[in-house]
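Single-structure report; data block below.
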Protein chains: 2
Amino acid sequence: MPNIKDVAKKAGVGIATVSRVINDSGYVKKETREKIEKVIKEISYVPNEIARSMTRQRNDIVAFILPNSTHLFFGELLYFVEEELYKYGYKVMICNSSEKIEKEIVYLDMLKNNRVDAVILLTNNDIDQYLDKKLPLLSFDRRFDGVPFVASDNYEGGVLAAKRLIEQGCKKMMFIGDDAQGDSTPVMTEVTKRRLGFLDYIKEKGYPEMINIEYPLGDYIHIPENIHKIINEHPEIDGIFTISDAVACDVIKELENNGRRVPEDVKVIGFDGGRSFLNLGKKITSIGQSPKLIAEAIRRSIINFYKKEEIENQIIPVYFQEGETA
Amino acid sequence: MPNIKDVAKKAGVGIATVSRVINDSGYVKKETREKIEKVIKEISYVPNEIARSMTRQRNDIVAFILPNSTHLFFGELLYFVEEELYKYGYKVMICNSSEKIEKEIVYLDMLKNNRVDAVILLTNNDIDQYLDKKLPLLSFDRRFDGVPFVASDNYEGGVLAAKRLIEQGCKKMMFIGDDAQGDSTPVMTEVTKRRLGFLDYIKEKGYPEMINIEYPLGDYIHIPENIHKIINEHPEIDGIFTISDAVACDVIKELENNGRRVPEDVKVIGFDGGRSFLNLGKKITSIGQSPKLIAEAIRRSIINFYKKEEIENQIIPVYFQEGETA
DNA sequence: TTGTAAGCGTTATCAC
DNA sequence: GTGATAACGCTTACAA
């Protein structure tokens, strides 16, 4: 592959002048510029971005560490993050952790070697001690000391769900979510606030009998078998709020398999927006979070890393999504 | 950030020796190695991968150009591709094209600048003329002259669908798919073979009355309104094979909205495997393709680029996925 | 075993 | 306006 020297030689100029033309920086006489441009075309020269990164000491790559791209919400978030950053000249490296802390650690290391311009971190793992806080790190739905974050307004989401269930006449509520947001781990994510908002509002309105179910975090999609049992042991429950649409789906199937109608007997609200491109049944009533707004916020923070401005945490609004299960 | 010189100076050795330690190459006396390792820890030196790419003339980055990561099948494929390549030390750059050829072209250019080690291309666009065939390019479900490819056994998928519908007693068949695989574009993708396999088998078995519907490629999820009309104009049809599960879902809803029961009155088979993590209704009967097997094949081809071996095209088996709609 | 020095392909700083 | 030349941080002959 031809390099800048080849261009310079063939055009009979110095490499500095070629560089000026490529980057459109500094003064270059019109004829010189044209000659150089011609040569570039002729030998189909393409500037080597690696060498460029070398001198500029940055490479316009942002890495996104997330559990996977198969869960719809993650896939959407990834999509919009890429779209946003693309507009600003960044490329996105995808780092699936499969929820495994080991893989997150390896990636964090690797990314340090690669001198990526920023790392977006989406995880439920107890990874604080492995974070190099001097790096341009941004987290989503999670607080780490010294790391700026973007999060959905999870608390408000919980409140919205509670309001809806109460409006619909529910008396005995249940919350179902994984314990990555619970008291049993050192991890405290912003997602916990879905439960808190829900709980607070229900208490405030005088419905004290809430049943709170937490289970070990698995694949984000299925809930453990024993949780099904607990659900069935509580026929008095008439309103359920779940940590995600995936869990809501699982719960609704379990209820219906056991002869309880949704929403007639039990109302169920999920979280994420109730979207699915492949659903032949009823639409889940849900609290929606907007991957597009979140991606814009993430992009804003990342751009600010390079403006050396103070990076402010950002809370993104959620909304109530009408459906057929509550 | 400290560099290799800092390490060398502090350890009182030459930079070549440090390099040998880092890369575990060549002979280094045990004590020297230990001293160097100690210094590396002390000043928390991290080798600069950009500089490394510079001399090695490769960067272990593979780019994946695909329409999006929100369509479940794409999200899954992306996930497994990343997983496979990660095992072999590659990082994956995600390039969402949103099906737009302009964005594909920009990415193709950008990737040339970035000297990525390989580009995986998944597209339905007429982009042949923009491909630099000298680059390490690999395509999925699509043939380009001079570009190796990996594809699902789409033809066999069509045959499997036809067999099933015939077994289930269907007499009048219909195929519904976008025209990116049709005769109206210069593009001929491997996906066309879903239709061909279906058609051939049905003809072979003496069911000549197949209705073939093609529509302009949109978002991979919804079909145009006028197609709904066509479906309803054919009450005699009792077996439908669609280009994807997403289309099958759309079609089934349309049929049911118009009082035709699935699978009692009309049987419908989709393509992709009928997976969905959020489905409260019946499961779609489908022809499955395995993103994991495909990802492995892709990884194999990419590794071979660097073994300078002949890259063979690979056809990946599909399977019949039992469901409730056929 | 180890160190020196020549690349790798740019950008940026100076002179001219 | 333009051209040498010194970085940037590493790998790898080649010499010692």
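In what follows, every heavy atom counts, from backbone to side chain, and hydrogens, waters and symmetry copies are set aside. Every value quoted in this text rests on a predicted model; they were computed, and no experiment measured them. Numbers restart at 1 for each chain; the letters A, B, ... are given by sequence-line order, proteins then strands.
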Note down the inter-axis angle between the two ends of the helix from C/dT1-D/dA16 to C/dC16-D/dG1, five pairs each, to the nearest 10°.
-> 40°

Kindly give the atom pairs (protein nitrogen or oxygen, nucleotide nitrogen or oxygen) under 3.5 Å for nucleotides 13-16 of chain C.
none

For A/Val46, report the nucleic acid contact type (base, sugar-phosphate, nothing); a contact means any heavy atom under 4.0 Å.
-> sugar-phosphate

Heavy atom of residues 50-61 of chain A under 4.0 Å from DNA chain D: which residues?
-> A/Met54, A/Thr55, A/Gln57

Report yes if at least one side-chain N or O of B/Thr17 is closer than 4.0 Å to OP1 or OP2 of C/dT2; otherwise report no.
-> no

Partners meeting salt bridge (Lys or Arg N to Asp or Glu O under 4.0 Å) with A/Glu296 (sequence neighbours left out) = A/Lys292

May I have all residue pairs that pass ring-ring contact (aromatic ring centres under 6.0 Å, His included) and include part of residues 9-31 of chain A, sequence neighbours excluded?
-> none

Separation of D/dA6 atom P from A/Lys5 atom NZ, nearest Å, is 13 Å

Expressed in angstrom and rounded to an integer, what is the separation of A/Asp6 atom CG from C/dT10 atom C1'?
-> 13 Å

Nearest-Å distance, CD1 (B/Ile15) to P (C/dG7)?
-> 15 Å

Sequence neighbours left out, what passes side chain to side chain contact (heavy atoms under 4.5 Å, CB included) with A/Pro47? Give chain and number order.
-> A/Ile22, A/Tyr45, B/Asn113

Result for 5'-nearest mapping on DNA chain C, choosing between A/Glu49 and B/Val13, is B/Val13

Taking only residues two or more places apart in sequence or in another chain, which ones pass side chain to side chain contact (heavy atoms under 4.5 Å, CB included) with A/Pro136?
-> A/Ala118, A/Phe305, A/Tyr306

Just jot down the side-chain hydrogen bond (donor to acceptor under 3.5 Å, both in side chains) partners of A/Lys35, sequence neighbours excluded, or say none.
-> none

Indicate whether any N or O donor in one side chain lies under 3.5 Å from an N or O acceptor in the other, for A/Arg299 and A/Asn304.
-> no

Minimal non-hydrogen separation, B/Pro317 against B/Asp153, with atom names = CA-CB, 4.3 Å

Give a yes or no on whether A/Glu312 atom CD has more than 12 heavy-atom contacts from other residues, nucleotides or ligands under 6.0 Å away.
-> no

Over how many whole Å does the gap from B/Met1 atom CE to D/dG9 atom C1' extend?
-> 13 Å

Sequence neighbours excluded, the answer for side chain to side chain contact (heavy atoms under 4.5 Å, CB included) partners of A/Thr70 is A/Asn68, B/Glu76, B/Tyr79

In terms of side-chain heavy atoms, does A/Gln314 have a donor or acceptor partner in A/Ser301 at a distance below 3.5 Å?
-> yes

Thinking salt bridges, do A/Arg143 and A/Glu190 make one under a 4.0 Å N-O criterion?
-> yes

Ring pair (Phe, Tyr, Trp, His ring centres under 6.0 Å) partners of B/Tyr107, counting only residues at least two apart | A/Tyr86

Integer-rounded Å distance: C/dG9 P and B/Asn114 CG | 15 Å

For B/Lys9, which residues count as a side chain to side chain contact (heavy atoms under 4.5 Å, CB included) partner, sequence neighbours excluded?
-> none

Side chains of A/Asn48 and A/Asn3: donor-acceptor distance under 3.5 Å anywhere?
-> no

State whether B/Asn3 places a side-chain N or O below 4.0 Å from either non-bridging phosphate oxygen (OP1 or OP2) of D/dG9.
-> yes

Close residues, residues 22-42 of chain B, relative to DNA chain C [heavy-atom separation under 4.0 Å] = B/Tyr27, B/Val28, B/Lys29, B/Thr32

